[in-house]
*Asks:* 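I'd like to ask some things about the structure below.
Here is how names work: the chains are called A, B, and so on, in the same order as the sequence lines, proteins then strands, and each is numbered from 1.
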Number of protein chains: 2
Amino acid sequence: MLKDDIFTGMITLTEENYLKALYRLSLETEEISVKDIADSLDIKMSTVNSMIKRLAEKKLLRYEKYKAIELTEKGKKMALHILRKHRLTELFLSKVMGLGWEEVHDIAEQIEHIQSDLFFDRIDEMLGHPKFDPHGEPIPDANGKLPVFKATQLSEGVINKKYKLTGVLNHETAFLKFLDSVGLSIGSVIVIKDIQDFDRSMSVLLNNKSKTIFSQTVCENLLVV
Amino acid sequence: MLKDDIFTGMITLTEENYLKALYRLSLETEEISVKDIADSLDIKMSTVNSMIKRLAEKKLLRYEKYKAIELTEKGKKMALHILRKHRLTELFLSKVMGLGWEEVHDIAEQIEHIQSDLFFDRIDEMLGHPKFDPHGEPIPDANGKLPVFKATQLSEGVINKKYKLTGVLNHETAFLKFLDSVGLSIGSVIVIKDIQDFDRSMSVLLNNKSKTIFSQTVCENLLVV
DNA sequence: TTAAATTGTTAGATTAGTCTAACTTTTTAG
DNA sequence: CTAAAAAGTTAGACTAATCTAACAATTTAA
């Protein structure tokens, strides 16, 4: 029974949280330090120090005294798996269960640790295998691979190309209500018909039906792919 | 920080599992012993012994050396709260997410520990505030109160009374398919029109529409209220 | 370039949850 | 009624995850 988990690849909830933090940090900084992790998880450096030694033994990261910390491929894959579960859960709570976007994060932090492929695959299916969460962040697929493209702002778009709405950067009620009022929701098709040079506003065609004008601010807050 | 949880009423996942086991055992036996708990959770008696001392300190159960163990009102309330979350989750996984009844239990064992009233209240709402799970077991309400009546078997029913299907005792695919084929699902209305003395089969009216005959076996497996 | 500040490491303690082993009390069967 | 079996208890050890406190290495700035 001792050190069973090294053989089974089993991982504790706490270890999952370290991996997730490690992955997030790897996107933000070149070199991940013990302090970065301690700050991001709000625990002491000494605690981090002992934990990374354990994770290194499990081959989830590479670590040498006083050097920067790096996830291994195995560690990265596990982190992406948790991230996938987190993002799918957030989308599910919001789209299927109708919870507010500000409410879903804390619940998703708990549900992301549920061990059941069945459960998350079904969520994925019910959501139509989404590639991005409403923040525009990519959702890793079941194999832990990230989509190559990240969603971009509509304000970066070009005329006459078909875009699909995948998320928004502004989550205020007022903005979401505005989107509602023009008939926009995740998955809507947007085609830019014209761009006004003087104020960067755009004439757009929505879902091949209604035509309207979006200000630069609106365009910057719409994530498309 | 020391003994914080005694003040906050916070409870660990493990403690929740003890409470749940205690409650289940209290329905099965008069006197709950250390051994009962050890067997039901598959841990050693010595472990149970130390844990019940902790739970007693937290006023979740009453314990004296060599005496039977009893949940306090507070402990019972917490146990019912977990039970509510478990049963609501099972129903949700099955009815909303379309998972098979054999698959939902293990997932529900994990999700029942999620801390979020919002989440479970929303599930409750989406399910239409169900009073019974598909096993016919009552679901405690948000205040931890159990419905007074437990579902009974249709085979115990009387002629011309309106019954509502709340669950089944047999969860085999074949039986569930049969129910499907006659148009029965949770919530369906059943009225017994006649009972045959010689084989205890019943002529029944379903949803005020179709009339059919159920064998005694079928009636015994239908839970109604 | 060296002293101060920051960051990292180690040692040792604590708590939750578990175990084994030794011992005690209660229950049960002859 | 008593001896054996079953159940219960205690003591002591272990792991995971955390902490504090002391000390070491590295980085930064005067």
*Asks:* Within the 4.0 Å limit for protein heavy atoms, which parts of nucleotides 21-27 of chain C are touched? Write it as a string from 5' to 3', B for base, S for sugar-phosphate only, - for none.
*Replies:* B---SS-
*Asks:* Between A:Met51 and B:Ile32, which is nearer to the 5' end of DNA chain D once each is assigned its nearest nucleotide?
*Replies:*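 The residue closer to the strand's 5' end, by nearest nucleotide, is B:Ile32.
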*Asks:* Would you say A:Lys35 places a side-chain N or O within less than 4.0 Å of OP1 or OP2 belonging to C:dT7?
*Replies:*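 The answer is yes; a side-chain N or O of A:Lys35 sits under 4.0 Å from OP1 or OP2.
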*Asks:* Atom NZ of A:Lys44 and atom P of C:dT15: how far apart are they, to the nearest Å?
*Replies:*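 Roughly 18 Å, once rounded to whole Å.
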*Asks:* So does A:Lys67 get a side-chain nitrogen or oxygen closer than 4.0 Å to the phosphate oxygens (OP1/OP2) of D:dT26?
*Replies:*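 So the side chain of A:Lys67 is outside the cut-off, no N or O lying under 4.0 Å from OP1 or OP2 of D:dT26.
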*Asks:* With a 3.5 Å cut-off and sequence neighbours excluded, list the donor-acceptor pairs that the side chains of residues 36-44 of chain A form with protein atoms.
*Replies:*
residue: A:Asp36; atom: OD1; partner: A:Ser33; partner atom: OG; Å: 3.3
residue: A:Asp36; atom: OD2; partner: A:Ser33; partner atom: N; Å: 3.0
residue: A:Asp36; atom: OD2; partner: A:Ser33; partner atom: OG; Å: 3.1
residue: A:Asp39; atom: OD2; partner: A:Lys35; partner atom: NZ; Å: 3.0

*Asks:* State whether B:Tyr63 places a side-chain N or O below 4.0 Å from either non-bridging phosphate oxygen (OP1 or OP2) of D:dT9.
*Replies:*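 True: B:Tyr63 side-chain N/O within range (under 4.0 Å) of D:dT9 OP1/OP2.
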*Asks:* Can you tell me how far P of D:dG8 sits from CD of B:Glu64, to the nearest Å?
*Replies:*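 About 15 Å, once rounded to whole Å.
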*Asks:* Rounded to the nearest angstrom, tell me the gap between atom CD1 in A:Ile43 and atom P in D:dT20.
*Replies:*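 A:Ile43 atom CD1 is separated from D:dT20 atom P by 12 Å.
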*Asks:* When you compare the side chains of A:His105 and A:Glu90, does any donor N or O come within less than 3.5 Å of an acceptor on the partner?
*Replies:*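 Yes, a side-chain donor-acceptor pair sits under 3.5 Å.
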*Asks:* Quick one: does A:Arg87's side chain have a donor or acceptor within less than 3.5 Å of a partner on A:Pro138's backbone?
*Replies:*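 Confirmed, A:Arg87 side chain pairs with A:Pro138 backbone.
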*Asks:* Classify B:Ser50 by what it touches in the nucleic acid, base, sugar-phosphate, or nothing, heavy-atom distance under 4.0 Å.
*Replies:*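 Base, at least one base heavy atom under 4.0 Å.
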*Asks:* A side-chain contact here means heavy atoms from C-beta on lying under 4.5 Å apart; do A:Pro130 and A:Asp124 qualify?
*Replies:*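 Side-chain contact under 4.5 Å: yes.
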*Asks:* Expressed in angstrom and rounded to an integer, what is the separation of A:Asp36 atom CG from C:dT6 atom P?
*Replies:*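 It is 16 Å, rounded to the nearest whole Å.
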*Asks:* In whole angstrom, what separates B:Lys53's NZ from C:dA16's P?
*Replies:*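 Rounding to the nearest Å, NZ of B:Lys53 and P of C:dA16 are 15 Å apart.
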*Asks:* When you get a sec, tell me which of D:dT9, C:dT9, C:dC19 is the closest nucleotide to the side chain of A:Val34?
*Replies:*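 Output: C:dT9.
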*Asks:* So, the side chain of A:Glu156 versus the backbone of A:Gln153: is there a donor-acceptor pair under 3.5 Å, distance only?
*Replies:*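 No: the side chain of A:Glu156 does not pair with the backbone of A:Gln153.
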*Asks:* If we only count heavy atoms from C-beta on, is the A:Lys177 to A:Thr173 side-chain gap below 4.5 Å?
*Replies:*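 Side-chain contact under 4.5 Å: yes.
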*Asks:* Give a yes or no answer on whether the side chain of B:Ser94 reaches the backbone of B:Trp101 with a donor-acceptor pair at less than 3.5 Å.
*Replies:*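 Checked: no pair found.
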*Asks:* Under 4.0 Å between any heavy atoms, over every strand shown, what does B:Thr47 touch: base, sugar-phosphate, or nothing? Just pick one.
*Replies:*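 The residue B:Thr47 makes base contact.
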*Asks:* Please report, rounded to the nearest Å, how far the C1' atom of C:dT18 is from the CD1 atom of B:Ile52.
*Replies:*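 The distance from CD1 of B:Ile52 to C1' of C:dT18 comes to 15 Å, rounded to the nearest Å.
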*Asks:* Between B:Glu109 and B:Lys20, does any side-chain N to carboxylate O distance fall below 4.0 Å?
*Replies:*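 Result for this pair is yes, salt bridge flagged.
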*Asks:* Is B:Asp141 salt-bridged to B:Lys131, cutoff N-O under 4.0 Å?
*Replies:*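 Salt bridge between B:Asp141 and B:Lys131, a charged N being under 4.0 Å from a carboxylate O: no.
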*Asks:* Look at the side chain of A:Asn49 and decide which nucleotide, out of C:dG8, D:dG8, C:dA16, has an atom nearest to it.
*Replies:*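 So the side chain of A:Asn49 is nearest to C:dG8.
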*Asks:* Rounding to an integer number of Å, can you tell me how far A:Leu13 CG sits from C:dA16 C1'?
*Replies:*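 Rounding to the nearest Å, CG of A:Leu13 and C1' of C:dA16 are 15 Å apart.
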*Asks:* Under 4.0 Å, heavy atom to any atom of DNA chain C: which of residues 19-31 of chain B qualify?
*Replies:*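 Within this stretch, nothing sits under 4.0 Å of the strand.
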*Asks:* Provide, to the nearest angstrom, the distance between the CE atom belonging to A:Met45 and the P atom belonging to D:dA25.
*Replies:*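 It is 15 Å, rounded to the nearest whole Å.
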*Asks:* Ignoring hydrogens and geometry beyond distance, is a side-chain donor-acceptor pair present between A:Glu125 and A:His129 at under 3.5 Å?
*Replies:*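 On atom types as modelled, these side chains do not qualify, holding no pair under 3.5 Å.
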